[in-house]
Amino acid sequence: MTFTNNVCHENDNELLALLKGYSALIPPLQLKFPVRCSFTEAHTFILHQILLDPHLEQYPPSGRYQQSFWKWAIEHLERMVKDEEDGEIDTRIYDRYMSLMSGSIDPGGPPPDSYMTYYWKPSSSLVSASRNGHETITLRESRTTIESGTTGLRTWCASFVLASYLIANAETIRDQTVLELGCGSGFLGIIVATIQQKYLDERHQPYRQPLPAVLLTDVNAGVLSRCRDNVQLRCNQSSNHPNITFSTLDWFDALCLPPSENAVTAFLSQANVGVVIGADIVFDPILVPPLVATLRLVLSFESTRMVVVALTVRNEQTFAHFVTEAVKELCVEEVPHAFTSATYFDLDTAGVDAGLDVKILKFTLRSPAS
């Protein structure tokens, strides 16, 4: 998706923030209406860049969210139009709101799954094809914390922090086979695939080299299915990446002896992994031993340069337990960072995980002498 803005130049940031907020389902009470724009500027933008935008028509926010957004937007537009001599709100805006009000939206049940579109800017080393320098990622996500017994059907704060790190340090993954542990809804996989494609495009080589692989893994079949669907959405650049795989990987298999014969080793022996990533993958102490065993195995392969993991610290004891177990066998380095969930992405700052610390850890194999 390419964002285009032909209506308001001085107030682009306010208008773009509104578009980002709508696309990412940020509650209207947390949005800022572009009051510095004139009625005509705001109205034209909302009509053409939000209501009638082809991408948002094909991949819309849920009806429940749209109902609250258009109620909020109409209230603001009606206040503004009073000061505009010839101002008039387009009937299509009212029509959208009325159609939502007369539909079968359940206001009391759990929030339904929804498409969500996130905007981000590539680093200076990767030139964006979009006119205003923004790229987009669109996902169909769960709006509940747990669905079908898993937390993997929505994107969590740590994924946005790790994505920000990868965007700012694109050189670490742009020409490497990347393995993601716990791929969830596919957000980071799409980021990695897009960075790899942009890097290859910018090299302007007379012949096109094959792209490195992106290996997306999870233990839950439903999560993998959702991940595949999102990665292959035609609006995402990842849909054009020819070397993305989706595989079941159970970290508990890494505990099976002998290590040379377990399923994780068998998978890794065929993968030629360069970099391993993972976000929010330590949320239960029971996962610590199998995850550490998996990290030890993947780093034992000569091709693997490092593992980079972003973890939201919800429980200090669980986080400390993971680090304590990891340093027994691996070198663990905390990566200082100033990234937040909104560094490259506009998010619901009052939502789940708001205000919690996110740590980025880098793992390498401990040298024999240490």
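Quick note: residue numbers are just sequence positions, from 1.
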Could you give the side-chain donor-acceptor pairs of residues 269-286 under 3.5 Å, partners two or more places apart or in another chain?
from, atom 1, to, atom 2, distance (Å)
S269, OG, T265, O, 3.4
S269, OG, A266, O, 2.7
D280, OD1, R314, NH1, 2.8
D280, OD1, R314, NH2, 3.4
D280, OD2, R314, NH2, 2.5
D284, OD1, I286, N, 3.0

Ignoring hydrogens and angles, state whether a donor on the side chain of S247 or T217 is under 3.5 Å from an acceptor on the partner side chain.
-> no

Do L233 and W120 share a hydrophobic cluster, counting only Ile, Leu, Val, Met, Phe, Trp and Tyr and linking them when any side-chain heavy atoms are less than 4.5 Å apart?
-> no

Taking the side chain as every heavy atom from C-beta outward, state whether L297 and N262 have any pair of such atoms under 4.5 Å apart.
-> yes

Any sub-3.5 Å donor-acceptor pair from T304's side-chain atoms to V298's backbone N or O?
-> yes

Where the side chain of T136 meets the backbone of T117, is there a donor-acceptor pair that is under 3.5 Å apart?
-> no

ring-ring contact (aromatic ring centres under 6.0 Å, His included) with F69: which residues, sequence neighbours excluded?
-> Y22, W72

Could you tell me whether a side-chain N or O of E41 sits under 3.5 Å from a main-chain N or O of S38, the two making a donor and an acceptor?
-> yes

Which pair of heavy atoms, one from S159 and one from L188, lies closest together, and at what distance?
-> O-CD2, 3.5 Å

Using the side chain to side chain contact (heavy atoms under 4.5 Å, CB included) rule, take Q196 and V178 through it: C-alpha gap first, then chi angles, then the decisive distance, then the call.
-> CA-CA 10 Å; Q196 289 183 347; V178 176; 4.0 Å; yes

Is there a donor-acceptor contact under 3.5 Å from the side chain of N236 to the main chain of I137?
-> no

Residue pair V161 / T312, side-chain heavy-atom distance below 4.5 Å | no

hydrophobic_cluster_shared for I360 and M306, side chain cutoff 4.5 Å = yes

Intermediate values then yes/no, side chain to side chain contact (heavy atoms under 4.5 Å, CB included), V308 and N169 = CA-CA 12 Å; V308 183; N169 299 275; over 6 Å; no

Would L18 end up clustered with Y97 when hydrophobic side chains under 4.5 Å apart are linked, directly or stepwise?
-> yes

Check step by step if side chain to side chain donor-acceptor pair (under 3.5 Å) holds for H55 and T138.
-> CA-CA 10 Å; H55 176 87; T138 297; 2.9 Å; yes

Got V192 and E180 here, is their nearest side-chain heavy-atom distance under 4.5 Å?
-> no

Please answer whether the main-chain N or O of V313 pairs with a side-chain N or O of D357 as donor and acceptor at a distance below 3.5 Å.
-> no

Closest non-hydrogen atoms of D250 and V264, given as atom of the first, atom of the second and distance, are O-CG2, 3.6 Å

Are F33 and W70 connected in the hydrophobic side-chain network, where two residues link if heavy atoms are under 4.5 Å apart?
-> yes

Could you go step by step and tell me if F363 and F322 meet the ring-ring contact (aromatic ring centres under 6.0 Å, His included) rule?
-> CA-CA 12 Å; F363 301 82; F322 171 63; 5.7 Å; yes

Taking 4.0 angstrom as the limit, do R226 and D218 come out as a salt bridge?
-> no

So CG of L330 and NZ of K362: to nearest 0.5 Å the spacing works out to 14.5 Å

Going through the distances and angles, do M101 and Q67 end up as a side chain to side chain contact (heavy atoms under 4.5 Å, CB included)?
-> CA-CA 7 Å; M101 288 295 293; Q67 189 178 91; 3.8 Å; yes

Looking at W251 and G182, what are the two nearest heavy atoms and their distance?
-> CZ2-N, 4.2 Å

Could you tell me whether R174 and E171 have a side-chain N and a carboxylate O separated by less than 4.0 Å?
-> no

Test item: Y59 side-chain N/O and L139 main-chain N/O as donor-acceptor pair under 3.5 Å | no

So, does Q237 use its side chain to make a donor-acceptor pair with the main chain of A193 at under 3.5 Å?
-> no

Measure across V214 and G189 and return the closest heavy-atom pair with its distance rounded to 0.1 Å.
-> CG1-O, 4.3 Å

If only atom types and distance count, is the side chain of S114 paired as donor or acceptor with the main-chain N or O of S62 below 3.5 Å?
-> yes

Determine whether Q197 and N240 make a side-chain contact, defined as any pair of heavy atoms from C-beta on separated by less than 4.5 Å.
-> yes

Flag yes if L162 and L356 sit in one hydrophobic cluster, no otherwise; membership is Ile, Leu, Val, Met, Phe, Trp, Tyr, and two members link when side-chain heavy atoms are under 4.5 Å apart.
-> no

Side chain proximity check, L181 to V309, heavy atoms < 4.5 angstrom = no

Approximate separation, where rounding is to 0.5 Å, of T40 OG1 and M80 CE = 8.5 Å

Quick one: OG on S142 to CE on M116, what's the gap to the nearest 0.5 Å?
-> 10.5 Å

Output the distance between atom CZ (F39) and atom CZ (R79), rounded to the nearest 0.5 Å.
-> 13.0 Å

Judged by atom type as modelled, is there a donor-acceptor pair below 3.5 Å linking the side chain of S225 to the main-chain atoms of G222?
-> no

Compare all side-chain heavy atoms of F252 with those of P289 and state whether any distance is below 4.5 angstrom.
-> no

So, do P34 and F45 sit near enough that their side-chain heavy atoms are less than 4.5 Å apart?
-> no

Does H337 use its side chain to pair, donor to acceptor, with the backbone of V358 at less than 3.5 Å?
-> yes

The salt bridge (Lys or Arg N to Asp or Glu O under 4.0 Å) partners of D95 (sequence neighbours excluded) come to none

Can you measure from CG (L52) to CG (D90) and round to the nearest 0.5 angstrom?
-> 7.5 Å

Applying the salt bridge (Lys or Arg N to Asp or Glu O under 4.0 Å) test to E14, which of R36, K20, K32 qualifies?
-> R36

For residues N315 and Q317, report the shortest heavy-atom separation together with the two atoms involved.
-> OD1-N, 2.9 Å

Which heavy-atom pair separates C331 from L365 by the least distance, and what is that distance?
-> SG-O, 4.2 Å

Does the gap between the ring centers of F160 and F339 come in under 6.0 Å?
-> no

Are K359 and V323 close enough, and set up right, to give a side chain to side chain contact (heavy atoms under 4.5 Å, CB included), and what steps lead you there?
-> CA-CA 11 Å; K359 305 281 191 183; V323 173; over 6 Å; no

Below 4.5 Å, heavy atoms only, C-beta onward: do F267 and D253 meet side chain to side chain?
-> no

Flag the pair E75 and K71 as a salt bridge only when some basic side-chain nitrogen lies within less than 4.0 angstrom of an acidic carboxylate oxygen.
-> yes

Flag yes if more than 12 heavy atoms outside E57 fall under 6.0 Å of its CD atom; otherwise flag no.
-> yes

In Å and rounded to the nearest 0.5 Å, what is the CD1 to NE2 distance from I46 to H48?
-> 11.5 Å

